[in-house]
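Note that the structure is a prediction, hence the values are computed from the model and not measured.
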Amino acid sequence: MAGQSDPHVSLFSPPEVEFMAEDELVEIVPNMRMDPLNFICGDFGPFYPQIPVKVPLWLAAALKKRGKCTIRPPQWMSIENLTKVLEGEREDRGTFQAVPFHYIEISRLLFDHARDDIPDIYMVRSLIEDIRDVRLHKIETNLEKFSATSAVKIAHLSAMEVNVVRPFVVRALQAFYKHDNPVLMVDLDSVSDRQSHVTRQRQMPNNAQKQHLKRR
């Protein structure tokens, strides 16, 4: 698929999609006492030893790196749940199972920063990779049936999957519009570029906070 073979055509690069996923909340178990932390994105804490608290994933990774906490994997990452999702994906070729919007990025970040906190990590990683592969194959199959329309709706796609599909769909819609009405052809690429620029500008303050904590 175009988005897979050429990452430059996608609206966001994989690292950018992963960056957005770092704001997802996860549960940590601190091993220290600390006052609340105040950020632009919200206030988190206070922190007490062995008392679970939810924080953004980027903060959890920073605290974990300093040995200040353990990270509790989300419930959807259990082997039982992942097995059910995989079976559902394989049994129903026409629809997608409901998964967290950033399941690919969250699991990758936890594998990188909290592998010792994930029970049966190799099995969990294998199941997530299988789910991702089956879903990508289903996406390709669905797009082969793509026909002229003003919109495309595929329920339960994740952020990374949407990022892969978007370039193909945009180019296909542009071709349909140009064929039907060349005079009213809309330059969707320029619109996407402006949206991407605005999104990145909005992320800059939060990015500065993340980088400051990661360097400390």
Enquirer: Is Met123 reachable from Ile128 through a run of I, L, V, M, F, W or Y residues, each pair having side-chain heavy atoms under 4.5 Å apart?
Expert: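 Yes; Met123 is reachable from Ile128 via cluster members.
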Enquirer: Can you tell which of Arg132, Lys84, Lys138 makes a side-chain hydrogen bond (donor to acceptor under 3.5 Å, both in side chains) with Glu89?
Expert: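 Testing Glu89 for a side-chain hydrogen bond (donor to acceptor under 3.5 Å, both in side chains) against Arg132, Lys84, Lys138 leaves exactly one candidate, Lys138.
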Enquirer: If you group Ile, Leu, Val, Met, Phe, Trp and Tyr by side-chain heavy-atom gaps below 4.5 Å, do Phe111 and Leu82 land in one group?
Expert: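 Same cluster.
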Enquirer: Check whether any side-chain heavy atom of Glu105 sits under 4.5 Å from a side-chain heavy atom of Val17, and report yes or no.
Expert: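 Yes, close enough: below the 4.5 Å cut-off.
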Enquirer: Test of understanding: clusters of I, L, V, M, F, W, Y form through side-chain heavy atoms closer than 4.5 Å, transitively. Do Val53 and Ile106 belong to the same one?
Expert: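 Cluster IDs for Val53 and Ile106 match.
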Enquirer: Measure the shortest side-chain to side-chain distance between Gln97 and Glu91 over non-hydrogen atoms and say whether it is less than 4.5 angstrom.
Expert: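 Not in contact.
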Enquirer: For a quick test of reading the model, state the closest non-hydrogen atom pair linking Pro119 to Pro73 and the distance between them.
Expert: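 Nearest pair, atom of Pro119 first, then Pro73: CD-CG, 4.3 Å.
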Enquirer: Measure the shortest side-chain to side-chain distance between Leu37 and Phe47 over non-hydrogen atoms and say whether it is less than 4.5 angstrom.
Expert: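 With C-beta onward as the side chain, the pair touches.
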Enquirer: Tell me, with the steps shown, if Arg108 and Met160 meet side chain to side chain contact (heavy atoms under 4.5 Å, CB included).
Expert: CA-CA 12 Å; Arg108 183 180 299 161; Met160 198 70 78; 4.2 Å; yes
Enquirer: Could you tell me which residues satisfy side-chain hydrogen bond (donor to acceptor under 3.5 Å, both in side chains) with Asp35, sequence neighbours excluded, listed by chain and number?
Expert: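 Checked Asp35 against side-chain hydrogen bond (donor to acceptor under 3.5 Å, both in side chains); zero matches.
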Enquirer: Show your reasoning for whether side-chain hydrogen bond (donor to acceptor under 3.5 Å, both in side chains) applies to Asp92 and Thr95.
Expert: CA-CA 6 Å; Asp92 191 344; Thr95 60; 2.6 Å; yes
Enquirer: Judged by modelled atom types alone, do Glu24 and Tyr103 share a side-chain donor-acceptor pair under 3.5 Å?
Expert: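 Note: Glu24 and Tyr103 side chains miss the donor-acceptor criterion.
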Enquirer: Looking just at side-chain N and O atoms, do Glu161 and Ser158 make a donor-acceptor pair shorter than 3.5 Å?
Expert: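 Judged by distance alone, the side chains do pair up.
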Enquirer: For the residue pair Arg135 and Phe96, would you count it as a cation-pi contact if the rule is NZ or CZ under 6.0 angstrom from the ring centre and within 45 degrees of the ring axis?
Expert: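 No; the conditions do not both hold, so Arg135 does not lie above the ring face of Phe96.
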Enquirer: Please state whether the rings of Phe44 and Phe39 are parallel, tilted or perpendicular, taking 30° and 60° as the class boundaries.
Expert: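 Ring orientation of Phe44 relative to Phe39: tilted.
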Enquirer: Are Val29 and Trp58 co-members of a hydrophobic cluster defined by side-chain heavy atoms under 4.5 Å apart?
Expert: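 They do not share one cluster, since no chain of ILVMFWY contacts under 4.5 Å joins Trp58 to Val29.
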Enquirer: Can you find a pair of side-chain heavy atoms, one from Asp116 and one from Lys64, that are under 4.5 Å apart?
Expert: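 They are in contact (side-chain heavy atoms under 4.5 Å apart), so the answer is yes.
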Enquirer: By side-chain contact (heavy atoms from CB on, under 4.5 Å), which residues pair with Pro49, not counting sequence neighbours?
Expert: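 Applying side-chain contact (heavy atoms from CB on, under 4.5 Å) to Pro49 gives Arg33.
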Enquirer: Which pair of heavy atoms, one from Asp117 and one from Ile71, lies closest together, and at what distance?
Expert: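 Closest pair (atom of Asp117, atom of Ile71, distance): OD2-N, 2.9 Å.
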Enquirer: Same hydrophobic cluster for Trp76 and Leu109, using side-chain heavy-atom links shorter than 4.5 Å among ILVMFWY?
Expert: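 Linked, Trp76 and Leu109 end up in one cluster.
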